[in-house]
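Each remark here refers to the structure printed beneath this line.
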2 protein chains.
Amino acid sequence: MTITFDVLAEQLRAGGHKLTQPRRAILQALLASAKPLSPAEIQQSGQAFCAELGLVTVYRTLEILESIDMVRPVHVADGCHGYVLATPGHTHHVVCERCHAVVEIVGCDLGDFLDRVAARTGYQITDHWLEIAGICGACQQEKMD
Amino acid sequence: MTITFDVLAEQLRAGGHKLTQPRRAILQALLASAKPLSPAEIQQSGQAFCAELGLVTVYRTLEILESIDMVRPVHVADGCHGYVLATPGHTHHVVCERCHAVVEIVGCDLGDFLDRVAARTGYQITDHWLEIAGICGACQQEKMD
DNA sequence: TCTCGTACTGAAAAAGTTTTTCAATTAGGA
DNA sequence: TCCTAATTGAAAAACTTTTTCAGTACGAGA
Ligand SMILES: [Mn+2]
Ligand SMILES: [Mn+2]
Ligand SMILES: [Zn+2]
Ligand SMILES: [Zn+2]
């Protein structure tokens, strides 16, 4: 979790996009959060950095960030779709059921399992999406109070 | 895929719910579909069985069916949340990217992988959600035309 | 089979979310 | 610094989901 704002900013520009104040604010909001954020939460949190930040801009920026794989949708237990910063490539997320703290899992060993699925179903597997729910260390502690 | 309407109907009543015409229609719609259906699609398809079927009732019924694990939300590539009938217990789904045909995977071998995730993150893993995308047999054929 | 209480229904309205439109603004290369 | 295309926020539209409410129908019990 040592990714910096400057790296993100550069990634955005490398994708051919302008680095505007609202976009800076959105990146800051995502960077500051330990849990997936909804568009409305991103707006609210981002307004600390750009007071005028509009919700429309949040939607538009998320669309861009997702298209260049800088951000990924994560399913939170109840509602849908929180967004978190992604490290490039194929990853999964573990989300705490209590506090929604997120940890990214970079490696993924599902190959054998997926091969078996392919054999059994006749499908040619192209992709998969795994999300893991659990209870984070901090929340486990809390239980013992 | 040999589940019958009568079995579903009985499951619903076993859960303490009435077996009404609109609910019959919703079960028929789900039973007849090879792919996940949105609430609006369920309404439309269900109106063949109950002409007056309202969308509100579809939402309410899905909530019940989900609560007794008769139906499960599945994420379709673009939009969110289609619903499919579920076999009880823990399953996953393979969804065709082209035609959305769904196959349910009953076993799941993720135990070792999840143990490693637990060890690495300190999270106590409570649940997981895996969806697999692919290309079904029929759509693979089609490619060769 | 009939009666009755309650679970359930659809219409309408409200609430919430996401997308589109548009005139004004701003980033950043020249 | 200037210029232009990309980007912005407000407003409105389009969609989706939930709430309210008066009427309906299921199904247990007589
Ligand atoms: Mn994976
Ligand atoms: Mn979803
Ligand atoms: Zn936690
Ligand atoms: Zn297919």
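Hydrogens, waters and symmetry mates are skipped; everything else that's a heavy atom, side chains included, is used. Below, read A as the first sequence line, B as the second, and so on, with proteins coming before strands; counting in each chain starts at 1.
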At less than 4.0 Å, is any side-chain N or O atom of [X] found next to OP1 or OP2 of [N]? Yes or no.
X: Thr20(B); N: dT9(C); value: yes
X: Arg23(A); N: dT8(D); value: yes
X: Arg13(A); N: dG28(C); value: yes
X: Arg60(A); N: dT7(D); value: no

Specify the separation, in whole Å, of atom [atom1] of [X] and atom [atom2] of [N].
X: Glu10(A); N: dG28(C); atom1: CD; atom2: P; value: 11 Å
X: Gln43(B); N: dT18(D); atom1: CD; atom2: C1'; value: 15 Å
X: Ile64(B); N: dC26(D); atom1: CD1; atom2: C1'; value: 14 Å
X: Glu63(B); N: dT16(D); atom1: CD; atom2: P; value: 19 Å
X: Tyr59(B); N: dT9(C); atom1: OH; atom2: C1'; value: 17 Å
X: Leu53(A); N: dT26(C); atom1: CG; atom2: C1'; value: 15 Å
X: Gln47(B); N: dT9(C); atom1: CD; atom2: P; value: 14 Å
X: Leu55(A); N: dT8(D); atom1: CG; atom2: P; value: 13 Å

### Message
For Glu41(A), is the CD atom crowded, meaning more than 12 foreign heavy atoms sit under 6.0 Å from it?
### Response
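Buried by this count: over 12 neighbours within 6.0 Å.
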#### Entry: Sub-4.5 Å side-chain heavy-atom contact between His17(A) and Arg23(A)
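Side-chain contact under 4.5 Å: yes.
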[X] side chain: which of [options] is closest?
X: Lys18(B); options: dT18(C), dA25(D), dT8(D); result: dA25(D)
X: Glu52(A); options: dA10(D), dA11(C), dT19(C); result: dA10(D)
X: Pro39(A); options: dT6(C), dT17(D), dT18(C); result: dT18(C)

#### Entry: Sub-6.0 Å ring centroid separation between His92(B) and His128(A)
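No; His128(A) has its ring centre 6.0 Å or more from that of His92(B).
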### Query
Are Arg72(A) and Glu131(A) within salt-bridge range, i.e. N to O under 4.0 Å?
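Salt bridge: no.
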### Message
For Gln21(A) and His17(B), find the nucleotide of DNA chain C closest to each by heavy atoms; which residue's nucleotide sits nearer the 5' end?
### Response
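Whichever sits nearer the 5' end wins; that is His17(B).
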### Query
Does Met70(B) offer a backbone N or O that forms a donor-acceptor pair with the side chain of Gln11(B) under 3.5 Å?
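Such a contact is absent between Gln11(B) side chain and Met70(B) backbone.
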#### Entry: 5' priority, DNA chain D, between Ala40(B) and Pro22(A) [closest heavy atom]
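The residue whose closest nucleotide sits nearer the 5' end is Pro22(A).
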